[in-house]
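Worksheet: one structure, shown below.
Below, chain A is the first sequence line, B the second, and so on; all start at residue 1.
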Amino acid sequence: MMDSATIRQKFLQFFESKGHQIVPSAPLVLKNDPSLLFTNSGMVQFKDYFLGNSIPKYKRVVDTQKCLRVSGKHNDLEDVGLDTYHHTMFEMLGNWSFGDYFKKEAIGWAWELLTDVYQLPKDRLYVTVFGGDKADGLPVDDEAKDLWKQFVADDRILNGSKKDNFWEMGEAGPCGPCSEIHIDLRPESDVKKKPGRELVNSDHPQVVEIWNLVFIQFNRLASGTLEPLPDKHVDTGMGFERLCMAIQAKMSNYDTDVFRPLMDFIAQHAGTKYGADSKTDIAIRVMADHVRAVSFAIADGQLPSNTGAGYVIRRILRRAVRYGFSYLNFKEPFMYRLVPLLGIQLREVFPELHQQMEYVGRVMHEEEISFLRTLERGLKRIESIPTITGVQAFELYDTFGFPFDLTSLIARERGLAVDEKAFIVEMEKQKTRSKTAAVKETGDWILIGDEGKSEFIGYDHFSATSRIIKYRRVKQKSKEVFQFVLDKTPFYAESGGQVGDTGKLESINEKISVIDTKKENDLIIHFAETLPEKLDAEFYASVDEGKRKLTMNNHSATHLLHAALRQILGKHVEQKGSLVNEKILRFDFSHFAAMTEVEIYKVEAIVNQKVRENIRLNEQRDVPIEKAKGMGAMALFGEKYGEHVRVITFDPKFSVELCGGTHIPATGNIGLFKIVSESSVAAGVRRIEAVTAEGAQEYVNGSLALLNEIKTLLKNPKDTTSFLQNLLEEKHALEKRVETMNQEQANQIKDKLAAKAVKINGYTLILERITLPNVEALKNIAYGLRNQFEDLLLVLATDIDGKPQVAVMIGEKLETTKRFHAGNLVKELAKEIDGGGGGQPFYATAGGRNLGGLQTVLDKAKLLIKE
RNA sequence: GGGGGAUUAGCUCAGCUGGCUAGAGCGCUUCCAUGGCAUGGAAGAGGUCAUCGGUUCGAAUCCGUUAUUCUCCA
């Protein structure tokens, strides 16, 4: 039987033999694309070719692409694992033609590969072609149909709808008919009962689409009309896991050798077998599937977090932990143990995971621990709720992250049901709230003149004479911004951690501020709050040079820091994130322990040494990637590189990096490099923040000024630290002494009051007016007297710092008789001082505004007691 | 980006509708008992209740700010 690695290899080799270039998979996590969080199909990395934003290096390309789908028409995260054919992460095999071959070759090769190379049974294959669409004025795709007829009998070629057989990139843009290949994997007996053609496209788990051939031949305009493209493209995608199922003749993707090793490992450690029970089977599938998605996302640089793509990853991992926890009794972190298995399994195709197994495992382990803690807290909380309403279940989920299915499970164990409808209602409320807050209206691009190419000249110039190619308006929360694309621009768009440039666009009679510059795929977009009146004018575009130069200092310093860290800490240090602006540089990197002070000091010293050496920048553009790697430049995981890259070198023996950012001409510009903080961002990831040049100077001056101020205040002691320490200790001791003295003073007053006690009506009465320094003293006296007389009735009318305060205390024995209630008494008395009060049955206090009422308080107290 | 929580002793947390001299368990210190143990007993130390501001006679508790953190949604 052909194993999965061979199946993949044969695909790549087959198309290589047909003149295709094998290219690596793009990272799973996307950057610079506001419309998408993850690569969800093979074509994503080639989008710019179809849109005409950039020119392909090869006309024929083949690859296998890591894809992630957690939402969409047929795939919701909550469904994965319940059935046997949905996945979060999957591989998509694809071959591409960029303006080269078209339908004839694509169809012929597809058939050859499936039937010749893979030996799939011809009589079990069905194909669909586009059946035409009246609204678009398109006929049946007879071209494809006729081509298929060479290989496939007429009754196995089906016409498909626009929904299934017409592919579009978006509302507008490249599109075209497609042709799908389906396979019927049912047993012979079932096939006899019902022919496969009746089950195509009807969600049958054994009659599935395995390959989609897209023929991009139109461009849909914003108006909705179609125009033929001058260059026609082929974009195909074949689900790798399904293909394996078909070739290995399995009933499900999960039965192939792609998943089985993981599933057997899970089952073994759970003390069960896959296939033993439908509940545990689901849990095993969920874990096996999810660990792939999470591992590769982390390997591609996406840490679990509480927003955006990171949150999706967190949710996937938590879902797996939840299933393991509930059905397989995994109460300790377990998912992370699957990482090495997966890394080794896919070492050849996706080396990024194998190379980072320890790092990925640590991050996952930490995330599992944190979720198990959340579960534990939730379980504790749920115990205190007797009956759980839908709203409460939602609160548990929304605020404390406690999953709904666990809540209803616990409720069921108590013989109760949770109102799921109410839960869903609350959930919907939450969703609409978020959606209305995030509403963003993006207008269509409006072209000014002819659409031309946009050129970035910011590596060499701070200004340019430019024209606007196109613009659009974007509205969010009543704030409106305009976005421009220029034919020539000196503005650096936010990328690789370096912030976007700000600056000005000036024409003869107008001046527009550019507030930010960002990338959308490869397009450089300038942001402004106003729209020029004369859009077709010539503009003098200039970036804020001061800000840019400070940013360049910080960016170059980041490279020096990276190299220094690898020298001091070791080669396991890899960039995991970076932020560079005019004020600060922030650098996240993989390292498994907090840095010691000595290490920080050494790293800082190396960087400053390199600054003083004033090493000249060596910037090389268009270096072939292999050559760049040969020079010692490290490629970052999760970063997408072209065939040619830009290499930034400060001393070939020290720092060589692939980088698109802007840099200073020589390291001396940095002046001074100062690390401000070292902290943790996640398990296995440390963060350093540092400042350079003016920023460093300000930082150092500020710290020294503060130190001097402190020293002066302390009258310049020899050893400031120990002096301060002594001072603090002394202060503490004095506070304690003051407290005991107050206590003593209160005791004296207490004794005087005790002497005035009179015994009447079976209790000891103390009724006095006194002056005290604070409420604490009053409390102390009252409690002191309570300890002294068990049948005490105390009413004190006090003047505390000019404010009247009344206290009533009742002795322990007297309290049990319930003759008096301190709280009620004090409430009555409080009226006399224009205040209010309360407390417990035996001790209560009241405050007020009217100091003059203190005497009346005592008189009234006498009356009340007699009653 | 939007919503909801949380922040109290070295650690894990109680403290209900404002007034219980701010508590528990573990840990720590000292003493006693035991050959040893995550041993038994006794005494004790340790808190600007995150921050700043407001309401109130009175705030750990109510309201707002900031910070940190957890969590859900986009």
Side-chain angles (χ1 to χ4, degrees), chain A residues 34-35 37 70-71 77 304-312 314-315 318 367 370-371 373-378 380-381 384 391-404 423-424 426-440 476-477 479 679-681 728 731-733 735-736 739 742-743 746-747 750 774-787 797-810 815 822-827 829-851 853-854 857:
Chain A
S35 63
L37 291 174
V70 285
S71 58
L77 176 60
S305 75
N306 56 3
T307 54
Y311 183 56
V312 174
R314 172 167 286 174
R315 258 169 55 194
R318 291 190 166 191
E367 185 68 17
S370 112
F371 184 54
R373 211 180 307 145
T374 301
L375 284 182
E376 207 177 303
R377 270 200 282 253
K380 225 166 142 185
R381 187 162 282 273
S384 63
V391 177
Q392 279 169 325
F394 178 75
E395 194 199 340
L396 276 167
Y397 173 67
D398 181 51
T399 304
F400 303 101
F402 197 74
F404 179 79
F423 178 87
I424 292 166
E426 291 299 313
M427 195 76 213
E428 284 307 313
K429 274 193 219 163
Q430 154 100 315
K431 283 187 180 172
T432 47
R433 217 179 8 239
S434 290
K435 267 183 194 153
T436 48
V439 146
K440 192 168 142 186
Q476 186 164 25
K477 281 218 272 175
K479 247 179 89 181
S679 59
S680 158
V681 243
L728 285 173
K731 174 184 165 278
H732 195 84
E735 275 171 356
K736 287 278 153 199
E739 204 179 299
N742 280 341
Q743 188 82 39
N747 269 335
K750 188 203 77 180
N774 53 46
V775 241
E776 282 298 296
L778 178 60
K779 238 177 210 173
N780 282 332
I781 292 164
Y783 275 87
L785 289 168
R786 177 179 160 89
N787 289 337
T798 59
D799 172 353
I800 292 172
D801 214 10
K803 276 187 171 178
Q805 183 89 20
V806 178
V808 175
M809 176 64 95
I810 291 162
E815 188 196 345
N824 295 343
L825 267 175
V826 97
K827 263 179 204 154
L829 301 176
K831 289 177 186 165
E832 304 306 320
I833 49 170
D834 295 349
Q840 316 127 72
F842 73 95
Y843 180 65
T845 57
R849 277 176 279 257
N850 180 16
L851 202 57
L854 284 178
V857 165

Starting the side chain at C-beta, find the nucleotide from B:C57, B:G3, B:A74 nearest to A:D398.
B:G3

Verify the contact: side-chain N or O of A:S434 to OP1 or OP2 of B:G1, cut-off strictly under 4.0 Å; return yes or no.
no

Is there a donor-acceptor contact under 3.5 Å from the side chain of A:R849 to the main chain of A:I833?
no

Can you figure out which of B:C20, B:C72, B:G1 approaches the side chain of A:Q430 most closely?
B:C72

What's the gap between B:U51 and B:C11 when it is taken at their P atoms, as a whole Å value?
15 Å

Just the rounded figure in Å: distance from P of B:U71 to CZ of A:R318.
4 Å

Taking only the side-chain heavy atoms of A:A437 (C-beta and beyond), determine which of B:C57, B:G1, B:G5 contains the nearest atom.
B:G1

In this structure, how many angstroms lie between the C1' atom of B:C20 and the CD1 atom of A:I810, rounded?
14 Å

Minimal non-hydrogen separation, A:T374 against A:F400, with atom names:
CG2-O, 3.1 Å

Minimum-distance nucleotide to A:R315 side chain [options: B:C57, B:G19, B:A74]:
B:A74

Minimum side-chain heavy-atom gap A:V826-A:T845 below 4.5 Å:
no

Roughly, in whole Å, what's the span from CG in A:D834 to P in B:U56?
15 Å

Grab the OH-P distance between A:Y843 and B:G19 for me, whole Å please.
13 Å

To the side chain of A:R377, which of B:G4, B:G1, B:C13 is closest?
B:C13

B:C72, OP1 or OP2 - any side-chain N/O from A:K431 closer than 4.0 Å?
no

In whole angstrom, what separates A:M809's CE from B:G19's P?
16 Å

The side chain of A:T307 is closest to which nucleotide in this list: B:U71, B:G4, B:G1?
B:G1

With C1' as the reference atom in both, quote the distance from B:U61 to B:C16 in angstrom, rounded to an integer.
10 Å

Taking the C1' atom of each, how far is B:U39 from B:U66, in whole Å?
49 Å

With under 30° as parallel and over 60° as perpendicular, where do the rings of A:F404 and A:F423 fit, or are they tilted in between?
tilted

Looking at B:G5, B:C20, B:A74, which one has an atom nearest to any side-chain atom of A:K779?
B:C20

Using only side-chain N and O atoms of A:R433, determine if any of them is under 4.0 Å from OP1 or OP2 of B:G1.
no

Tell me the interatomic distance from A:F400, atom CZ, to B:U69, atom C1', rounded to whole angstroms.
13 Å

